[in-house]
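Everything on this sheet refers to the single structure shown next.
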Amino acid sequence: MKIKKYFKLYSYNVPVQGDESAIIVSFQNSNYTEIPQFLCEILINFEGKEIKDIEKAYDDESNTILSYFKDLVKKEIGFFTDTPDNYPKIEFKWESPEMIKSAVIEIDSFEALNYEKLLKNLDELNCKHLEFWFSDKYTFNALKQLLINTEDSTLRSISIILPFKKNIDSFISLSDNTSKLTDIQVYNCPKRILLPEKNIYGIKDDIDKDFFKHKNYENDEYIIYVDFFSESIKYNPYYNKKVCIDKEGYIKNCLSHKNRFGNIKHDNLKEIIQTEDFQDLWFACNDKIEEFKGSPFRYIMFNSNELRKNENGLYNVVS
């Protein structure tokens with residue numbers, strides 16, 4: 001059988017070069033395939049070139065490159081064609097109309113801050129996801145009233161993290177009567193709770209408060225879908241368009257950070273989140289992080305580490 005002139009990856013397969021290794025990410029199958037670095041270089045730099053020209057450029061008289069292409073065809077990662085222009089590539093453009101995508105609010109006392117006003121501010125910023133983290137001072141009546149204030153907002157989902165109180169029926173009632181509540185995470189429970197039909201999950205143990213203030217994700221827990229990949233090319237998905245308000249009202253990128261950008265008691269939230277200083281970490285993509293920029297997994301890796309900018313304008317992970 002005569003081999004056609006060109007080799008193409010299926011559009012949902014994308015090569016990513018690293019310093020020491022390379023992969024092809026498959027969005028259709030939500031997985032990746034490890035490949036030699038030189039093959040990744042060919043797929044990126046010689047895309048659209050005839051096979052014979054690629055072989056000539058690499059002085060490949062033994063058809064090694066062709067054998068690699070055939071292997072990718074066998075794995076259904078790519079195909080041979082005479083009309084490569086008929087198969088356009090995915091354009092990785094990430095856009096979001098929200099000024100803030102997600103927010104985290106830490107509440108120790110319902111009287112400490114004007115939470116009704118804060119929720120209105122977030123609504124004006126078109127915030128779509130909200131996480132509430134409560135201490136043991138909450139009451140279910142106050143909690144229900146707080147959630148009522150979200151019913152007509154732009155929010156699409158709400159998560160709650162809080163310690164156990166009263167009985168499981170109180171949490172079920174909360175879940176049943178709040179349309180935007182997507183999950184309740186409970187700790188210090190008398191026994192483990194697993195109610196997926198109500199989106200209620202509980203553990204018997206206490207938690208380190210910093211565990212939820214700064215969630216650590218394993219570097220090999222990869223997220224493979226086009227929107228995340230597109231965002232990761234330019235932004236840091238953990239920090240991008242996110243704001244955190246601690247129990248004292250301080251505005252932060254993450255609750256565990258010491259860096260503060262004002263306080264909602266006397267500062268305008270909309271003005272703060274539009275400042276260059278606050279948005280700096282939004283653009284701290286893995287291509288700009290010393291520890292990750294050489295990894296072929298950098299666009300499918302959810303990096304939630306605290307970061308510090310260095311003198312080169314790049315970032316280092318704060319250990």
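Because the structure is a prediction, the values reported are computed rather than measured. The chain is numbered in sequence order, starting from 1.
Heavy atoms only, all atoms of each residue included: M301 and N286 are closest at O-ND2, 3.4 Å. Closest non-hydrogen pair, T64 versus S62, comes out as OG1-OG, 3.0 Å. Here the closest non-hydrogen pair linking E151 and S179 is OE1-OG, 2.7 Å. Of all heavy-atom pairs between A284 and L307, the closest is CB-CD1, 3.8 Å. The minimum heavy-atom distance between L181 and L174, with the atom names listed, is CD2-O, 4.0 Å. Of all the heavy atoms in S21 and P296, the pair that sits closest is OG-CG, 3.4 Å.
In this structure, Y250 OH and N263 CG are separated by 5.5 Å, a value rounded to the nearest 0.5 Å. Note that CD1 of I148 and CD of E116 are 11.0 Å apart. Values are rounded to the nearest 0.5 Å. A distance of 7.5 Å separates OH in Y138 from CG in L143, rounded to the nearest 0.5 Å. Here the OG atom belonging to S30 is positioned 10.0 Å from the CD1 atom belonging to I300, to the nearest 0.5 angstrom. Between the CZ atom of F92 and the CG atom of D227 there is a distance of 11.0 Å, given to the nearest 0.5 Å. Atom OG of S175 sits about 4.5 Å away from atom CD1 of I200, to the nearest 0.5 Å.
By the rule that hydrophobic residues join a cluster once side-chain heavy atoms approach within less than 4.5 Å of another member, V186 and I172 end up as members of one cluster. I90 and I44 fall into different hydrophobic clusters, defined by Ile, Leu, Val, Met, Phe, Trp and Tyr side-chain heavy atoms under 4.5 Å apart, directly or through other members. When the side chains of ILVMFWY residues are joined at heavy-atom separations under 4.5 Å, either directly or via intervening members, L314 and W282 end up in two distinct hydrophobic clusters. Y6 and L9 fall into different hydrophobic clusters, defined by Ile, Leu, Val, Met, Phe, Trp and Tyr side-chain heavy atoms under 4.5 Å apart, directly or through other members. By the rule that hydrophobic residues join a cluster once side-chain heavy atoms approach within less than 4.5 Å of another member, I23 and I223 end up as members of one cluster.
The aromatic rings of F261 and F278 sit perpendicular to each other, their planes meeting at more than 60°, with 30° as the lower class boundary.
Side-chain contact between V243 and N253 is absent, with no heavy-atom pair separated by less than 4.5 Å. The closest side-chain heavy-atom distance from N188 to D205 is not below 4.5 Å. A heavy-atom distance below 4.5 Å is found between the side chains of N312 and E290.
Using a 3.5 Å distance cut-off with no hydrogens or angles, the side chains of T154 and N126 do not pair a donor with an acceptor. A side-chain donor-acceptor contact under 3.5 Å links Y58 and E41. Side-chain contact of N303 with Y239: a donor-acceptor pair under 3.5 Å is absent, judged by distance alone. S109 and E111 are linked by a side-chain donor-acceptor pair at a separation below 3.5 angstrom, with hydrogens and angles left out of the test.
Between K247 and E106 no salt bridge is recorded (no basic side-chain N to carboxylate O distance below 4.0 Å). Taking the charged nitrogens against the carboxylate oxygens, D136 and K165 have no contact shorter than 4.0 Å, which rules out a salt bridge. Between E231 and K101 there is a salt bridge, with a side-chain nitrogen of the basic residue lying less than 4.0 Å from a carboxylate oxygen of the acidic one.
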Subject >> side chain to side chain contact (heavy atoms under 4.5 Å, CB included) evaluation trace for I24 with L43 >> reply: CA-CA 10 Å; I24 294 175; L43 294 172; 3.9 Å; yes

Subject >> side chain to side chain contact (heavy atoms under 4.5 Å, CB included) assessment of Y68 paired with I35 >> reply: CA-CA 9 Å; Y68 275 110; I35 59 173; over 6 Å; no

**OP:** Just do the salt bridge (charged side-chain N to carboxylate O under 4.0 Å, His left out) check on E47 and K8 with the steps written out, would you?
**Re:** CA-CA 8 Å; E47 203 274 334; K8 288 279 293 186; 2.7 Å; yes

**OP:** Applying side chain to side chain contact (heavy atoms under 4.5 Å, CB included), run through L147 and I160 and close with a yes or a no.
**Re:** CA-CA 10 Å; L147 293 173; I160 292 179; 4.0 Å; yes

Original post:
Going through the checks in order, is the side chain to side chain contact (heavy atoms under 4.5 Å, CB included) test met by I107 and F132?
Top reply: CA-CA 7 Å; I107 299 179; F132 283 118; 3.8 Å; yes

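Taking a 6.0 Å sphere around NZ of K180, one finds it holds more than 12 heavy atoms contributed by other residues, nucleotides or ligands. Other residues, nucleotides and ligands contribute only 12 or fewer heavy atoms inside 6.0 Å of the NZ atom of K234. Within 6.0 Å of atom CD in Q274, more than 12 heavy atoms from other residues, nucleotides or ligands are found, so the atom counts as buried in its surroundings. Counting heavy atoms of neighbouring residues, nucleotides and ligands inside a 6.0 Å radius, atom CG of D152 does not exceed 12 of them. By the 6.0 Å contact criterion, CD on E276 is open, its count of non-hydrogen atoms from other residues, nucleotides or ligands being 12 or less.
Side-chain rings of Y32 and Y222 approach one another, their centers coming within less than 6.0 Å.
Checking F229, Y10, F228, Y299 one by one against F27, the ring pair (Phe, Tyr, Trp, His ring centres under 6.0 Å) holds for a single residue, F229. Just one of D280, N310, N305 meets the side chain to side chain donor-acceptor pair (under 3.5 Å) condition when paired with Y315; it is D280.
A cation-pi arrangement is found for K242 relative to Y238, the charged atom lying closer than 6.0 Å to the ring centre and inside a 45° cone about the ring normal.
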